[in-house]
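Computed from a prediction, not measured in an experiment: that's the story for all the values here. Order of listing sets the numbers, starting from 1, for every ligand and every atom in it.
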Amino acid sequence: MSTSPAVNRRVTLANRPSGMPELSDFALVELPIEAPAEGSVTIAVEVLSIDAFIRTVMDERAFHGAAEIGGPLPALGVGRIMHSTVDSLQIGDAVFAPLGSQTVAELPAEFVRKLDERVAPSTAYLGGLGFATGVTAYIGMMEVAGVQHGDTVVVSAAAGAVGSLAGQLARIAGAGRVIGVAGGPEKCAWLVDEVGFDVAIDYRGGDLDGQLRAAAPDGVNVFFDNVGGEILDAVLEQIAFGARIVICGGISHYLDMGNVVGPRNYLKLAERCARMSGFAVNFYAERVGEAEAALAGWLAEGRLVMHEQHEHGIENFGHAVRTLLSGGNRGKLLLDLR
Ligand code: NDP
């Protein structure tokens, strides 16, 4: 267990970035730790989840609500209760909450979930069991995609957190062939050798259309898309009759959300009687229990593996966000403050 911090070290949004955030767009401030208000708790933050939405909330207009200049960035995390005013949460309890980019968080107790570390280590609640990772991959692949036995499934940003799980879930759902799209030969080798994808395509390696045709000669039945843009267009070109395209995210657009361009190849949906469906996991809160139970079972059996990449120190929050956006992560990117 980590010792209780003496001050709250908070990373704030210094400037709204244009494109890739600069380190100067983040500032580090130190704040005193106050006693929690009645009904609230104070949490020593242990590990923060670095997610793509952190970049989108840096914009003035954002689906998840814009972060304020001078305020903290939103981030999900796990930590330990330091002070409590409620009976249900005791000092030392491991908890999950929207803790934000800081080392100490004060939150109303209703926003805080007590974790059972006998079920899984607390970081699993950010990764394999995490709402923005495991649960997202589960809803997208097991519900929205409608995978059928023998399907050829393609996943983009496949070496990332959601993508690496989505590929493994496709296999569990009965897919015949699972193809990942990722940046660089090392990530592609990792996907095949260690994560269990059948084929991995390096989108930075050129001739994406040719690589996809070779990997899926009979067409793509399901595409789980985390990226959008050119990768979405290339897969649309290659979809099979009756294909299902799941829009989970569009990270290729997140650095310039004012100029999102729709898919050039969307008429393939009509030609091949295919459908494209999006989803946002926050509308599936009632499915969390079911998703977690299923994911926990597969993780325990070893059928699902969540690779974690730990960066360290709150002062590296901005660096970690840049790492995610530039593809420097394999699996779940976490910022470890312990
Ligand atoms: P990841 O761990 O997948 O990290 C992001 C990855 O995206 C990077 O590692 C990088 O991998 C890839 N990437 C970044 N920029 C580009 C680009 N321009 N073109 C192609 N690939 C790029 O992040 P998450 O697992 O947290 O998120 C994955 C996706 O899931 C995001 O789009 C996110 O918005 C979405 N999401 C959706 C939710 C929903 O409710 N629908 C909930 C949570 C997440 P590489 O090296 O391969 O380029």
Side-chain angles (χ1 to χ4, degrees), residues 19-21 48-57 59 62-64 74-76 126-128 130-141 143-145 154-169 179-191 195 197 200-205 208 223-235 245-257 259-261 276-285 287-288 291 306-311 320-335:
M20 180 63 82
L48 290 173
S49 175
I50 302 300
D51 291 294
F53 75 82
I54 296 171
R55 172 62 187 89
T56 61
V57 302
D59 289 337
F63 168 63
H64 295 286
L76 303 173
L126 303 177
F131 188 58
T133 302
V135 176
T136 298
Y138 177 91
I139 295 295
M141 191 58 85
E143 169 86 18
V144 186
V154 176
V155 178
S156 59
V162 172
S164 62
L165 287 180
Q168 296 173 69
L169 290 173
I179 300 165
V181 180
E186 292 82 11
K187 278 191 178 181
C188 288
W190 178 73
L191 281 174
V195 189
F197 281 69
I201 291 174
D202 177 5
Y203 72 90
R204 295 188 188 141
L208 185 53
F223 178 37
F224 187 106
D225 189 20
N226 290 311
V227 174
E230 288 174 16
I231 295 175
L232 173 56
D233 266 321
V235 179
I245 290 138
V246 179
I247 305 299
C248 175
I251 199 166
S252 69
H253 300 298
Y254 294 172
L255 298 182
D256 190 9
M257 288 291 275
N259 290 304
V260 176
V261 177
M276 187 184 287
S277 319
F279 77 101
V281 72
N282 36 306
F283 296 107
Y284 288 84
R287 301 283 300 277
V288 168
M306 176 87 271
H307 179 81
E308 293 179 0
Q309 178 173 325
H310 289 242
E311 306 288 323
V321 173
R322 285 167 54 90
T323 296
L324 187 89
L325 295 169
S326 54
N329 64 305
R330 279 187 199 175
K332 181 70 210 170
L333 185 59
L334 298 170
L335 189 63

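- Residue contact annotation: G229 has no non-hydrogen atom under 4.0 Å from ligand 1.
- Polar contact check, G163 against ligand 1: no nitrogen or oxygen pair lies under 3.5 Å apart.
- Classification of the W190-H307 ring pair by plane angle, with boundaries at 30° and 60°, yields perpendicular.
- By the 4.0 Å N-to-carboxylate-O rule, D59 lies close enough to R55 to be salt-bridged with it.
- The proximity of T136 to ligand 1, defined as any non-hydrogen pair under 4.0 Å, is limited to the side chain.
- Residue A280 has no nitrogen or oxygen atom sitting less than 3.5 Å from a nitrogen or oxygen atom of ligand 1, judged on distance alone.
- Which parts of ligand 1 touch I251 is read off a 4.0 Å heavy-atom cut-off, strictly below it: atoms 5 (C), 7 (O), 13 (N), 14 (C), 15 (N), 16 (C), 22 (C), 32 (O).
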*So D225 and V227, side-chain contact (heavy atoms from CB on, under 4.5 Å) or not? Walk me through it.*
CA-CA 6 Å; D225 189 20; V227 174; 3.8 Å; yes
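- Residue contacts with ligand 1: R330 is excluded, as none of its non-hydrogen atoms falls under 4.0 Å.
- Among G249, S326, C248, the residue whose heavy atom lies closest to atom 37 (C) of ligand 1 is C248.
- In this structure, the side chains of R204 and P185 stay at 4.5 Å or more apart for every pair of heavy atoms.
- For ligand 1, the polar-atom distance check against S252 finds no nitrogen or oxygen pair separated by under 3.5 Å.
- At a heavy-atom cutoff of 4.0 Å, ligand 1 is contacted by the side chain of V227 but not by its backbone.
- Atoms of ligand 1 lying under 4.0 Å from at least one heavy atom of A161, given by number and element, are 1 (P), 2 (O), 3 (O), 25 (O).
- Listed by atom number, the atoms of ligand 1 under 4.0 Å from G327 heavy atoms are 8 (C), 9 (O), 10 (C), 11 (O), 46 (O).
- At least one heavy atom of L325 sits closer than 4.0 Å to an atom of ligand 1.
- Any N or O atom pair closer than 3.5 Å counts here, and I247 shares no such pair with ligand 1.
- In the vicinity of V281, heavy-atom distances shorter than 4.0 Å reach the ligand 1 atoms 39 (C), 40 (O).
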_One pair to check against side-chain contact (heavy atoms from CB on, under 4.5 Å): I50 and L334. What are the steps and the verdict?_
CA-CA 6 Å; I50 302 300; L334 298 170; over 6 Å; no
*Is there a side-chain contact (heavy atoms from CB on, under 4.5 Å) between F131 and V288 once you walk through the steps?*
CA-CA 7 Å; F131 188 58; V288 168; 3.6 Å; yes
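- Between N226 and ligand 1, at least one pair of N/O atoms sits closer than 3.5 Å.
- The pair E186-R330 does not count as a salt bridge, with every side-chain nitrogen at least 4.0 angstrom from each carboxylate oxygen.
- Looking at ligand 1, you won't find any N or O of A132 less than 3.5 Å from one of its N or O atoms.
- Note: E143 CD to F279 CZ = 10.0 Å, rounded to the nearest 0.5 Å.
- Closest to atom 11 (O) of ligand 1 among all protein heavy atoms lies K187 NZ, 3.3 Å.
- The side chain of R204, and not its backbone, has at least one atom closer than 4.0 Å to an atom of ligand 1 (non-hydrogen atoms only; side chain from C-beta on).
- Of all heavy-atom pairs spanning V162 and A132, the tightest one is CG2-O, 3.5 Å.
- Taking OG1 of T323 as the reference point, atom CG of L335 lies at 10.0 Å (rounded to 0.5 Å).
- For the ligand labelled ligand 1, residue G328 lies outside the 4.0 Å heavy-atom shell.
- Rounding to the nearest 0.5 Å gives a distance of 9.0 Å between CG of N329 and OG of S164.
- Ligand 1 is approached by N329 to a heavy-atom distance shorter than 4.0 Å.
- Rounded to the nearest 0.5 angstrom, E230 CD and S252 OG are separated by 8.0 Å.
- Taking only non-hydrogen atoms, the option from Y254, Y203, F279 nearest to atom 34 (O) of ligand 1 is Y254.
- Near D51, meaning under 4.0 Å from any of its heavy atoms, are these atoms of ligand 1: 26 (O).
- N282 CG to I139 CD1: the interatomic distance, rounded to the nearest 0.5 Å, is 11.5 Å.
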